[in-house]
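So the structure is just underneath, and the comments pick up after that.
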Amino acid sequence: MASSDQDHEYGFGTRAVHAGATPDPVTGARATPIHQTTSFVFDSAEHAASLFNLQTFGNVYSRISNPTVAVLEERVASLEGGRAALACATGMAAQMTALLAILKAGDHIVAASTLYGGTVGQLGIGFSRLGIETTFVDPQDPDNFRRAIRPSTRALYGETLGNPLVNVFDIEPVAQIAHEHGLPLVIDNTVASPYLCTPFDFGADIVVHSATKYLGGHGTTMAGVLVESGKFDWAGPLARDKFPEMLEPSRAYHGVKFYETFGDFGYTMKARMEVNRTFGGSLSPLNAWLILQGIETLHLRMQAHCRNALRVAQFLAEHPLVSWVNYPGLDSSPHYALAKKQFRLIDGAPGASGILTFGIKAADPARAGERFIDACEFLSHLANIGDAKTLVIHPASTTHRQLDEAELARAGVRPDMIRLSVGIEDVEDILWDIDQALRRAT
Ligand SMILES: *Cc1c(COP(=O)(O)O)cnc(C)c1O
């Protein structure tokens, strides 16, 4: 199914269930079949040659494309309002593929300092080993991005909602700064999901996802997706000298000129053919199918995550054993106004997803944090977010354990910080478990 038919635009829920899929023309199967095959038979020698020359669209080998994976790609592109998408093995692989499609040794990225820790490692350490440098800037002032841009800069990078700070990224002014310099803005939309926010509407050019989180939604499957808006002009006066590989014949792929040949999905084709095909971070058909199952209920789950998280945040804000709460959906949050601008309203409040943080009032708050985690009955202690189940972690003693006090402060991780990924269970039970654990921890 396409995003629109005749004069009718399908709504989000309908696209979450249908986009990219049709009943199987061979068997009539209504569910998307899992095409668990590495390779696809050619009709003839001529057909094979035209596929390899990219003159005919078709499947050759599942590292490059696969029909089950293609349904996921079309579905996420539709939900984001983008032109085309490429699925990858993990969120980390999707980010890497999105950036390596346009960056090479000597190039530079300006990124928010509040990114997911794994991404800080990928850009700051992993990419620096490849000769690609990243400057991390405080995203609260968009002009910090402008000040950090160099002649070698090739992308600006941020997250709709940071993790674990749940700070809201002001996409519009940073996109404007990017475009004034002929650069694309890449946004990681993992924590908001396309149900709550579509970064292309605010000027982003490329969106990346860890589909492992809310898109899959059940903590079962690793996957990532990159999406292209189709609006960035790679041949524009400010961009053309920066991205000659989008315009010139590809050495890595049969001399194809990606932008000239594929136009508004040329970037995705370059990511597919020059990065995924060459570096191999492709998604398996079974995992694509599992993520598709999750996406069918994305709109329903995100409403429940947001409603529950807001209730939990309000409960914690009034709790005598809690010293502070950080949730952008609370009208007392410094991020509330931006949340209202960028996120879908749910029951009149900005849907700010399911992640929140708080601190415990105690003589030794760090120790109380550890005791709180141990005292939880059904909240799961683990390092993930975006599960239907409520998850809890104490970053200072786990994910951020290696950092000293100054580094913790720079990352915005207080020693007493507890991070909750609020699930879709009955909210009364979540509140009960938090309350009894707070009382046992202090
Ligand atoms: C988890 C996560 C990633 C990495 O995704 P994986 O699927 O774990 O590789 C990237 N960005 C954000 C915001 C995440 O939460």
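For ligands, and for the atoms within them, numbers begin at 1 and follow the listed sequence.
For atom 12 (C) of ligand 1, the nearest protein heavy atom (residue, atom name, distance) is D188 OD2, 3.4 Å. Ranking the protein heavy atoms by distance from atom 7 (O) of ligand 1 puts T212 OG1, 2.6 Å first. If you check which protein heavy atom lies closest to atom 3 (C) of ligand 1, you get Y116 CE2, 3.4 Å. With hydrogens left out, the protein atom closest to atom 14 (C) of ligand 1 is K213 NZ, 2.9 Å, a heavy atom.
Side chain to side chain, H218 and Q293 fail the donor-acceptor criterion of an N or O pair below 3.5 Å.
A cation-pi geometry, defined here as NZ or CZ lying under 6.0 Å from the six-membered ring centre and within 45° of its normal, does not hold between K242 and F232. Under the 6.0 Å distance and 45° angle rule, R344 counts as a cation-pi partner of Y195.
Each of F265, Y267, F258 was compared with W234 under the ring pair (Phe, Tyr, Trp, His ring centres under 6.0 Å) criterion, and only Y267 meets it.
Note: an N/O pair closer than 3.5 Å links G91 and ligand 1 by distance alone.
At a heavy-atom cutoff of 4.0 Å, ligand 1 is contacted by the side chain of I385 but not by its backbone.
Applying the 4.0 Å criterion to heavy atoms of T90 picks out, from ligand 1, the atoms 7 (O), 9 (O).
Residue L165 holds its CG atom at 6.0 Å from OG1 of T114, rounded to the nearest 0.5 Å.
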